[in-house]
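See structure below.
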Amino acid sequence: SQNRLLIKNGRIVNDDGIEEADVYIEDGIIKQVGRNLIIPGGTRTIDAAGKLVMPGGIDPHTHFELEMMGAKTADDFYKGTRAAVAGGTTTIIDFVLPEKGQSLLEAYANWREKADNKVCCDYGLHVGVTWWSPAVQKEMKQLVSEQYGVNSFKMFMAYRNTWMLDDYDLYCAIETCAELKALPQVHAENGHIIARNTEKLLAAGVTRPEGHQLSRDEEVESEAVNRACVIANQANSPLYIVHMMSKSAVRALQLARNKQKQPVYGETLAATVGTDGTHYRNSCFRHAAAHVLSPPLRPDPSTPQAMVEALADDHLQLIGSDNCTFHEKDKEIGKGNFSKIPNGVNGVEDRMTILWQKGVNTGIMDPCRFVAVTSSSAAKIFNLWPQKGRVAVNSDADIVVWDPRLEKTITAASHKQAVDFNIFEGQHVVGGPQYVIVNGRVCLDDGELRVVEGLGKFLKTPINSPYVYGEQNLSHGDHDLLEPLSRDSPDRVNGSSVPTD
Ligand code: URP
Ligand code: ZN
Ligand code: ZN
Ligand code: ZN
């Protein structure tokens, strides 16, 4: 075989423990994990001494080549997945978003066409239920079949003029997900309140990006989180809330998690932990508009750290990017009216380093929890486990060799994303990917990006995940717990201090 690789002397970090062992890869699959492995001659060896060997990141929330609010995202499936790999992410899950009235199957086929020949890493698809009818319900049944491989559907409680469902339709869609043993995902914001507040702000002459934040307070999010949870509970359905952006929303989720009959999961974003809502007041329009996403970044300055703590404490289960990037010319559509600014930020490239910086370097979470929230939990929830999200024999060789001492300053001048702005501009981060292995191929090679367009495959995600519909619990694995790191001793990585700059 030509495709052999040995990663030696590293510390393997999985979501349930750390182990010192070598990893041997053949033809894209992890074949052996252990010490003193017997390896065929001519195998390339990567020395990972002093490094962590982790499952590649899984970003459960991207929007590549999406047309939205009169613009098209800067990152397509090639540039977007290239940026993902550069940042240590080896699987992404994107959203098929049909127009109101459009066939879901047709939109799905369109997404496959946009992605299949372009992706540099494996990818899966969620499908948006952006309108409701018996035909839509029938198409959901088809989409969960083995032929299409979809197991998650996103419903919107906001975007009143385009994608929003009313509560009756949302209830029906969630019920359908539960019947199909698929996972309903919800964008939780009260679209009616946002629409009315937007009218009032514009009438009062508030047109700049800060109006976006002012039109949708935390309680506009937390009310919808609560309502979504109630509807899911009435439907006896599990639930996944995407892009949770506020402390109030997390509190609402926690109440539901404590009482709900079925699992309820919450996702936050790199943007939420890595930047804050002060940027909407920046006097530069491009700068302020670059941060416009929904729900918005919050004015409460304690939000970013609180969200990292929520991830550490299992009040939130995973972190995505919601990467949905628009060039300056596109953001300018909303120059005289904040409600017309195309919504979305970058994050697919920086998600892992930002969370390492804010979560691990600060001692708030240990590396195992970092792996859980950036990779393993997404694999479990979307039923890709243990093919993805784990460094173990028979798993896909999607691996990041993480150097806890690697330093860089994030900047649009050198990022791999197509977009002309980076919301983490100027942030100094310590810890990052030195090697990224995608399906057994070294695609980031000692810092040098060597991706292959079309190398990635579409991942069919089967319904009925044991972590959603079965007895499996996300927060502890099925395997032996090897030397768990305690939350207050991040310095146990490598047996020495992790540099925090
Ligand atoms: O502002 C955002 N989040 N843009 C992407 C679309 C969505 O709602 O996820
Ligand atoms: Zn959304
Ligand atoms: Zn600026
Ligand atoms: Zn999104």
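Computed over heavy atoms, backbone and side chain alike; hydrogens, waters and symmetry mates excluded. One-based numbering, in listed order, for ligands and for the atoms of each.
Interface atoms of ligand 1 facing L293, defined by a heavy-atom separation under 4.0 Å, are 1 (O). Heavy-atom contacts of H187 reach the following atoms of ligand 1: 8 (O) (cutoff under 4.0 Å).
For atom 1 (O) of ligand 1, the closest non-hydrogen atom on the protein side is S294 N, 2.8 Å. Of the protein's non-hydrogen atoms, N343 O, 3.2 Å is the one closest to atom 4 (N) of ligand 1. Ranking protein heavy atoms by distance to atom 8 (O) of ligand 1, first place goes to Y159 OH, 2.9 Å. Of the protein's non-hydrogen atoms, D322 OD2, 2.7 Å is the one closest to atom 3 (N) of ligand 1. Residue, atom and distance of the protein heavy atom nearest to atom 7 (C) of ligand 1 are K154 NZ, 3.5 Å.
Summarising the local packing, CG of N117 is surrounded by 12 or fewer heavy atoms from other residues, nucleotides or ligands at distances under 6.0 Å. Within 6.0 Å of NZ in K138 there are 12 or fewer heavy atoms belonging to other residues, nucleotides or ligands.
Side-chain atoms of Y78 and V119, non-hydrogen and from C-beta on, never get closer than 4.5 Å to each other. Within the 4.5 Å cutoff, no side-chain heavy atoms of D398 are placed close to those of C121.
Centred on the Zn ion (ligand 2), the NZ atom of K154 and the ND1 atom of H187 lie at an angle of 130°, reported to 10°. At the Zn ion (ligand 4), the vertex angle linking NE2 of H61 with NE2 of H63 is 100° (nearest 10 degrees).
Distances from the Zn ion (ligand 4) to the N/O/S atoms of D322 are shortest for OD1.
One side chain, K247 or S302, offers a donor N or O that lies under 3.5 Å from an acceptor on the other. Using modelled atom types and a 3.5 Å distance limit, the side chains of R298 and Q213 yield no donor-acceptor pair.
A donor-acceptor contact shorter than 3.5 Å is absent between the side chain of D75 and the backbone of C324.
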